[in-house]
Participant: 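Sharing a structure here in structure tokens format.
Order of listing sets the numbers, starting from 1, for every ligand and every atom in it. This structure is a prediction, so every number in the text was calculated from the model and none was measured.
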Amino acid sequence: MSDLAVELTAPNGRKYIQPTGLFINNQWVKSSNGQKLTSINPTDESEITSVYAATPEDVDTAVAAARMALKDPSWRDISPTDRGNMMITLSDLIAKHAETLATIETWDNGKPYNDSLGGDVEEVKGCLKYYGGYADKIHGQTIDVGPSKFAYTIREPVGVCGQIIPWNYPLAMAAWKLGPALACGNAVVIKAAEQTPLSILYFANLIKEAGFPPGVVNILNGYGREAGAAIATHLGIDKVAFTGSTATGKEIMKMAAVNMKNITLETGGKSPLIVFADAELDQAVKWAHVGIMSNQGQICTATSRILVQDSIYDSFVSAFKKQVQEVSVVGDPFAETTFQGPQITKSQHERVLGYVKTGIEEGATLVAGGEAFVKEGSASEKGFFITPTVFTGVKPSMKIYREEVFGPFVVIASFSTEEEAVNMANDTMYGLGSAVFTRDLTRAHRVARNIEAGMVWINSSNDSDWRIPFGGVKQSGIGRELGEAGLAGYTQVKAVHVNMGTRL
Ligand code: NAD
């Protein structure tokens, strides 16, 4: 075994070879100064392994490789159909390695294994196949300007795309960004989050196996302020796509201005879920639970503000509390029965518990959870667990009502009229997801139009599908990922004017 890979045995007994290097030009290399970062298992706080962490010099090397790839005939001149087939091959390889990828994701991130396998890995597979299918369907237009002139457009790749991804869906976020970028013929330098460096390195080997030429996809681990900032400021990068916090998104915008990079940002949220009195209560409760408590509440679109019409407020709160206590089984993410694993890191764990303290100080009522959860029978009392937390009696002025907590933490408030519900829903700097529960069809669509959000779920919550555009308004982001709309950020339109004989 080289010193750029290590054989590991995961907590579920699965043995596999974990790459630990930087993936540049289809090769594994060390970081320029040998620096590494260590991945921590959030379930028991043990060290999993260390991997190389990119320096700005390593980013330079990766960008140079990507620039070469853009000129390489084996990528630049390949037929779009062949490019798409490569992506479909990659998708098939994901299917072949699904269990190992899901194991790594759960070990490194703490999300329940069934979610990693049935959710995240499926998402990667489906998204890459979907965009693979698009590769030979990305057309320009011919534009009629009369008989003496003729015009057409070509949709060209943007160039070298820097992609900075978060820790809550490490593989899936990579696929959301790689899918459209590769379908459109770009070359990529992608940086994983320092909290979850492992699964993407395993994925890197599959990229090579699928036949992508060297330099088309370069995968780095590294710290945000070092490798991430080097990507955002790099003069050799034409576009930066980012998912993460709104604060970091703003910093990236400023850095990207250095060479006016094309940007796509998917940032934070405080998504409302409105329940009208005529809604099917049982369904509203179940979807509201899934909408906030899935993935340990670490979802940018989590419906973290539940707004309930006053006449059913008390019955909703008691049914919701019951649902949380019965369904949100907290524990070992590899256990079949677990609904909720640990938070990603000690600092996120402390952050969520800090909001519990804030909520109590602000005068809200804690009706469930709010405690650091020590796994039953655990001798070590380790792991970043939190009991699913529900606050009622919240006011729009409270921090817990306004700020993104990013954990299994929800606030429930009441409203009396539709107008008030919409005003409350829109009273936020964010505009990512939103949900409305009602049996009144007309009202459902009226509210959908009036809500300031990139996505609305009617009688549902947190649906995401690679065929459907995903993204936010206001301070939740710029641009769209997924669906046909996701291609727009990865091509630029060149207009060609043809003189058909007009002479001066
Ligand atoms: P973050 O936004 O700081 O990190 C996300 C990615 O950006 C990581 O890859 C990180 O290395 C990189 N990054 C960080 N600083 C950077 C910089 N200055 N320049 C370039 N890249 C940089 O998120 P975080 O600190 O891990 O989490 C903090 C909060 O962010 C969470 O509590 C949550 O509210 C939010 N968050 C949102 C999402 C989402 O999907 N929208 C995902 C993760 C975190």
Participant: For the 3.5 Å polar cut-off, considering only N or O atoms, please tell me whether G268 and ligand 1 meet it.
Facilitator: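 In fact, backbone or side chain, G268 has no N or O that close.
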Participant: Nearest protein heavy atom to atom 40 (O) of ligand 1, by residue and atom, and its distance?
Facilitator: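 Checked against all protein heavy atoms, atom 40 (O) of ligand 1 sits closest to N168 ND2, 3.2 Å.
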Participant: What residue and heavy atom of the protein are closest to atom 20 (C) of ligand 1, and at what distance?
Facilitator: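 Nearest neighbour among protein heavy atoms for atom 20 (C) of ligand 1, to 0.1 Å: G228 C, 3.2 Å.
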Participant: Name all residues meeting the salt bridge (Lys or Arg N to Asp or Glu O under 4.0 Å) criterion together with E57; count only those two or more places apart in sequence or in a different chain, and write none if there are none.
Facilitator: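 Partners of E57 under the salt bridge (Lys or Arg N to Asp or Glu O under 4.0 Å) test: none.
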Participant: Any idea which protein heavy atom is nearest atom 2 (O) of ligand 1, and the distance to it?
Facilitator: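 Nearest protein contact, heavy atoms only, for atom 2 (O) of ligand 1 is S245 N, 2.7 Å.
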Participant: How would you list all residue pairs meeting side chain to side chain donor-acceptor pair (under 3.5 Å) that involve residues 179-190, not counting sequence neighbours?
Facilitator: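 Counting only pairs at least two positions apart or across chains, no side chain to side chain donor-acceptor pair (under 3.5 Å) contact touches residues 179-190.
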Participant: Using a 4.0 Å heavy-atom cut-off, say whether A232 meets ligand 1 through its side chain, its backbone, both or neither.
Facilitator: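 The answer is neither.
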Participant: Hey, are K254 and E251 close enough for a salt bridge, meaning a charged N less than 4.0 Å from a carboxylate O?
Facilitator: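 No, no charged N to carboxylate O under 4.0 Å.
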Participant: Within 45° of the axis and under 6.0 Å from the centre of the six-membered ring of Y169, does NZ or CZ of K111 qualify?
Facilitator: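 Satisfied, under 6.0 Å and within 45°.
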Participant: Measure the distance from atom 4 (O) of ligand 1 to every protein heavy atom, then report the residue, atom name and distance (to 0.1 Å) of the closest one.
Facilitator: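 Among all protein heavy atoms, the one nearest atom 4 (O) of ligand 1 is F242 CE1, 4.6 Å.
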Participant: With backbone taken as N, CA, C and O and side chain as the heavy atoms from C-beta onward, which portion of E194 lies under 4.0 Å from ligand 1: side chain, backbone, both, or neither?
Facilitator: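 Only the side chain of E194 comes within reach of ligand 1.
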Participant: Please report which non-hydrogen protein atom sits nearest to atom 26 (O) of ligand 1, along with the residue it belongs to and the distance in Å to one decimal place.
Facilitator: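 The answer is W167 NE1, 2.6 Å.
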Participant: Any protein heavy atom sitting closer than 4.0 Å to atom 36 (N) of ligand 1?
Facilitator: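 Yes.
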Participant: When you measure from atom 17 (C) of ligand 1 to every protein heavy atom, which one gives the shortest distance, and what is it?
Facilitator: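 For atom 17 (C) of ligand 1, the nearest protein heavy atom comes out as G224 O, 3.5 Å.
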Participant: Quick one: nearest non-hydrogen protein atom to atom 42 (C) of ligand 1, plus distance?
Facilitator: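 I find the closest protein heavy atom is P166 CB, 3.4 Å.
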Participant: Just heavy atoms, cut-off under 4.0 Å: does I165 contact ligand 1 by side chain, backbone, both, or neither?
Facilitator: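 The answer is the backbone of I165.
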Participant: Counting only heavy atoms, which portion of Q195 has something under 4.0 Å from ligand 1: side chain, backbone, both, or neither?
Facilitator: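 Under 4.0 Å from ligand 1, Q195 contributes side-chain atoms alone.
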